[in-house]
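Right, one structure below, let's go through it.
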Amino acid sequence: MSFFDSDIIQEELQEINRLQESIYGSVLSFGMMSKEDKLEHIDMLSELLDKQKVMYTRLSLSDDPKAVEMKENLVKSVALMGFPKETDINNLFNSMNATIDSLKEYLDT
């Protein structure tokens with residue numbers, strides 16, 4: 001069975017997509033949101049990042065050619081976002097988590 005044929009992988013990818021659509025659909029109105037809505041938005045960001053980290057780990061552990069290709073594409077996309085080619089994606093995830101935590105702290109004050 002292919003990596004992407006797994007029901008679990010399909011469900012997780014659909015959930016990642018749903019979260020991305022929800023987050024990106026409201027990002028422009030973030031500044032006008034109530035504090036509670038902002039915190040909910042940030043929680044969705046955190047959930048999305050957690051799911052992306054798990055998916056990246058799964059891709060990293062798979063030897064399925066399509067999974068390997070997707071991982072390679074993710075690494076390339078990091079470079080396209082302006083990060084150095086040798087950027088460790090796990091370090092990038094950790095940095096994003098720190099940013100999310102800082103944003104939560106800022107809103108909680």
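Numbers here are sequence positions counted from 1.
No single ILVMFWY cluster, assembled from side-chain heavy atoms under 4.5 Å apart, contains both Val68 and Leu74. Clustering ILVMFWY residues whenever any of their side-chain heavy atoms sit less than 4.5 angstrom apart, transitively, puts Met33 in the very cluster that holds Leu39. Leu49 and Met81 fall within a single hydrophobic cluster, where Ile, Leu, Val, Met, Phe, Trp and Tyr are joined by side-chain heavy atoms under 4.5 Å apart, directly or via other members. Linking Ile, Leu, Val, Met, Phe, Trp and Tyr whenever their side-chain heavy atoms come within less than 4.5 Å puts Tyr24 and Leu103 in one cluster. Taken together through direct or relayed side-chain contacts under 4.5 Å among Ile, Leu, Val, Met, Phe, Trp and Tyr, Leu28 and Ile23 form parts of separate hydrophobic clusters.
Note: Leu19 CG to Leu45 CG = 9.0 Å, rounded to the nearest 0.5 Å. The CG atom of Asp37 lies 11.5 Å from the CG atom of Leu107; values are rounded to the nearest 0.5 Å. Remark: Gln52 CD to Ile16 CD1 distance equals 6.0 Å, nearest 0.5 Å. Note that CD of Glu40 is 8.5 Å distant from OG of Ser34, once rounded to the nearest 0.5 Å. If you take CG on Leu13 and CD1 on Ile8, they are separated by 12.0 Å, rounding to the nearest 0.5 Å.
More than 12 heavy atoms of other residues, nucleotides or ligands lie within 6.0 Å of NZ in Lys35, so this atom counts as buried by the packing criterion. Few gaps surround CG on Asn91; more than 12 heavy atoms of other groups in view lie less than 6.0 Å from it. Counting heavy-atom neighbours within 6.0 Å of Leu80 CG, excluding the residue itself, gives a total above 12.
Looking only at side-chain heavy atoms (C-beta outward), Phe83 and Val75 stay at 4.5 Å or farther from each other. Residues Asp64 and Glu69 are not in side-chain contact: their nearest non-hydrogen atoms beyond the backbone lie 4.5 Å or more apart. The side-chain heavy atoms of Lys85 and Val78, taken from C-beta on, include no pair separated by under 4.5 Å. For the pair Asn73 and Ser77, the minimum side-chain heavy-atom distance is 4.5 Å or more. For the pair Lys71/Lys76, no side-chain contact is recorded, criterion being any heavy-atom separation below 4.5 Å from C-beta on. Put simply, the side chain of His41 does not reach to within 4.5 Å of the side chain of Ser22, judged on heavy atoms. Counting heavy atoms from C-beta outward, Lys53 and Asn97 have side chains that approach closer than 4.5 Å. Counting heavy atoms from C-beta outward, Gln10 and Phe4 have side chains that approach closer than 4.5 Å.
Classification of Glu21 and Arg18 as a salt-bridged pair fails, no side-chain N sitting under 4.0 Å from a carboxylate O. Salt-bridge annotation for Glu12 and Lys51: present, with a side-chain N of the basic residue lying under 4.0 Å from a carboxylate O of the acidic one.
In this structure, Lys38 is positioned above the aromatic face of Phe30, its NZ or CZ under 6.0 Å from the six-membered ring centre and within 45° of the axis.
Scanning all heavy atoms of the two residues, the minimum distance from Ile9 to Phe3 falls at CG1-O, 3.5 Å.
One N or O on the side chain of Thr87 and one on the backbone of Pro84 form a donor-acceptor pair closer than 3.5 Å. In terms of modelled atom types and a separation under 3.5 Å, the side chain of Ser46 and the main chain of Ile42 share no donor-acceptor contact. Between the side chain of Thr99 and the main chain of Ser95, a donor-acceptor pair closer than 3.5 Å is present. Although no hydrogens or angles enter the test, the distance criterion places a donor-acceptor pair under 3.5 Å between the side chain of Ser29 and the main chain of Ser26.
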